[in-house]
Amino acid sequence: EGLKVCSSSKVTTLQRDAAQWTIACEGGSEHGFDACLVTLPAPQADALLSASALRPSWRSALAEIVYAPCWTIVAEPLGEPEFAHAAAPSPPFRWCAPESAKPNRRGSAWVAQADANWSRDHLEASAEDAGRALLSALSDATGAPFELVRAHRWRFAEVERALNKPSCFDPSLRLAYA
């Protein structure tokens with residue numbers, strides 16, 4: 001409560017002077033704060049800190065964090081799947097289920113997430129190619145044809161190796177990472 005929240009803004013630089021932080025965003029907007037908490041995936045946080053010439057005491061620790069990627073599709077069934085609830089995870093999926101299986105959700109669309117191995121093997125595939133391959137696997141797993149709504153790659157979807165602590169703080173900079 002009482003904090004200004006800016007969403008849908010890509011931060012391009014962070015600057016610290018004696019009084020405050022200035023956060024510059026694409027489009028030219030700037031915002032001032034007393035302290036800064038960075039919660040980007042570690043490689044993106046490191047790039048932002050590097051672009052801003054910031055070297056907090058914990059920055060080198062970011063290189064220890066390892067992420068698993070995840071390709072995800074949203075698909076509409078064109079027939080009746082053999083079951084109406086989540087499919088048992090099996091390669092290439094780690095999870096797939098109809099939206100209606102989630103609390104307070106409606107609709108016939110299914111969401112399917114590829115496992116880390118499949119996602120790594122197809123990391124640089126186009127959304128169209130990855131989507132088409134996962135769509136075929138979803139049809140095989142459920143016994144129903146599907147139409148692809150969208151495919152999305154999360155390069156840093158899940159932490160595989162974390163820091164040995166939940167967050168980092170540099171009191172001299174009033175800068176934290178979590």
Side-chain angles (χ1 to χ4, degrees), residues 1-74 86 89 91-97 99 102-105 111-131 134 149-178:
E1 189 171 315
L3 295 176
K4 180 180 180 182
V5 176
C6 301
S7 60
S8 301
S9 297
K10 182 177 180 181
V11 175
T12 55
T13 58
L14 304 173
Q15 294 179 324
R16 174 84 183 150
D17 63 22
Q20 72 172 7
W21 281 96
T22 302
I23 298 172
C25 298
E26 269 185 354
S29 64
E30 291 188 348
H31 310 279
F33 299 94
D34 295 329
C36 184
L37 169 63
V38 178
T39 60
L40 295 167
Q44 294 171 333
D46 188 54
L48 177 62
L49 295 171
S50 178
S52 301
L54 292 166
R55 301 235 175 255
S57 57
W58 41 261
R59 183 167 161 212
S60 63
L62 296 179
E64 297 173 24
I65 302 171
V66 176
Y67 295 86
C70 179
W71 271 105
T72 299
I73 61 168
V74 176
F93 298 111
R94 70 178 200 166
W95 181 86
C96 58
E99 280 291 301
K102 298 177 188 175
N104 302 316
R105 302 276 181 99
V111 177
Q113 295 179 334
D115 62 31
N117 290 331
W118 193 94
S119 295
R120 267 191 201 92
D121 290 346
H122 298 85
L123 188 63
E124 300 305 330
S126 69
E128 181 181 327
D129 289 345
L134 289 173
V149 175
R150 68 182 163 274
H152 184 81
R153 175 192 61 204
W154 276 275
R155 190 175 290 275
F156 308 112
E158 187 174 6
V159 176
E160 288 185 315
R161 186 175 69 220
L163 291 175
N164 59 0
K165 55 187 174 180
S167 62
C168 303
F169 180 63
D170 189 319
S172 65
L173 291 173
R174 296 183 53 90
L175 177 65
Y177 176 79

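Positions are given from 1, in the same order as the sequence printed here.
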Taking all heavy atoms of [X] and all of [Y], pick out the closest pair and write down the distance.
X	Y	result
T12	S52	O-OG, 4.5 Å
Y177	L40	OH-O, 2.8 Å
P92	L134	CG-CD2, 4.0 Å
V111	W95	O-CZ3, 3.5 Å
A127	W71	CA-CH2, 3.6 Å
C25	H31	SG-CD2, 3.9 Å

Exercise. Between W118 and H122, how do the two ring planes meet: parallel, tilted or perpendicular, split at 30° and 60°?
Worked result: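 Plane angle under 30°, so parallel.
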
Between [X] and [Y], is there a donor-acceptor pair closer than 3.5 Å when you use the side chain of the first and the backbone of the second?
X	Y	answer
D170	S57	yes
R153	L123	yes
W58	S167	no
T39	A178	no
Y67	W154	no

What's the spacing between [X] [atom1] and [Y] [atom2] if we round to 0.5 Å?
X	Y	atom1	atom2	result
R155	Q44	CZ	CD	9.5 Å
L48	L14	CG	CG	4.0 Å
C36	R16	SG	CZ	9.5 Å
I73	F93	CD1	CZ	5.5 Å
H152	Q113	NE2	CD	11.0 Å

Problem set entry | Any L163 side-chain heavy atom under 4.5 Å of C168 side chain | yes

Exercise. Near R150 CZ, under 6.0 Å, is it more than 12 heavy atoms from other residues, nucleotides or ligands?
Worked result: no

Exercise. Run the side chain to side chain contact (heavy atoms under 4.5 Å, CB included) check on R59 and L54 step by step: do they pass?
Worked result: CA-CA 9 Å; R59 183 167 161 212; L54 292 166; over 6 Å; no

Problem set entry | L49 and L175: CA distance, side-chain angles, deciding distance, side chain to side chain contact (heavy atoms under 4.5 Å, CB included) verdict | CA-CA 11 Å; L49 295 171; L175 177 65; 4.0 Å; yes

Problem set entry | Worked verdict on C70 versus E158 for side chain to side chain contact (heavy atoms under 4.5 Å, CB included) | CA-CA 8 Å; C70 179; E158 187 174 6; over 6 Å; no

For this session: In sequence, state the C-alpha distance, the side-chain angles, and the governing distance for R174 and Q20, and then conclude on side chain to side chain contact (heavy atoms under 4.5 Å, CB included).
Result: CA-CA 9 Å; R174 296 183 53 90; Q20 72 172 7; over 6 Å; no

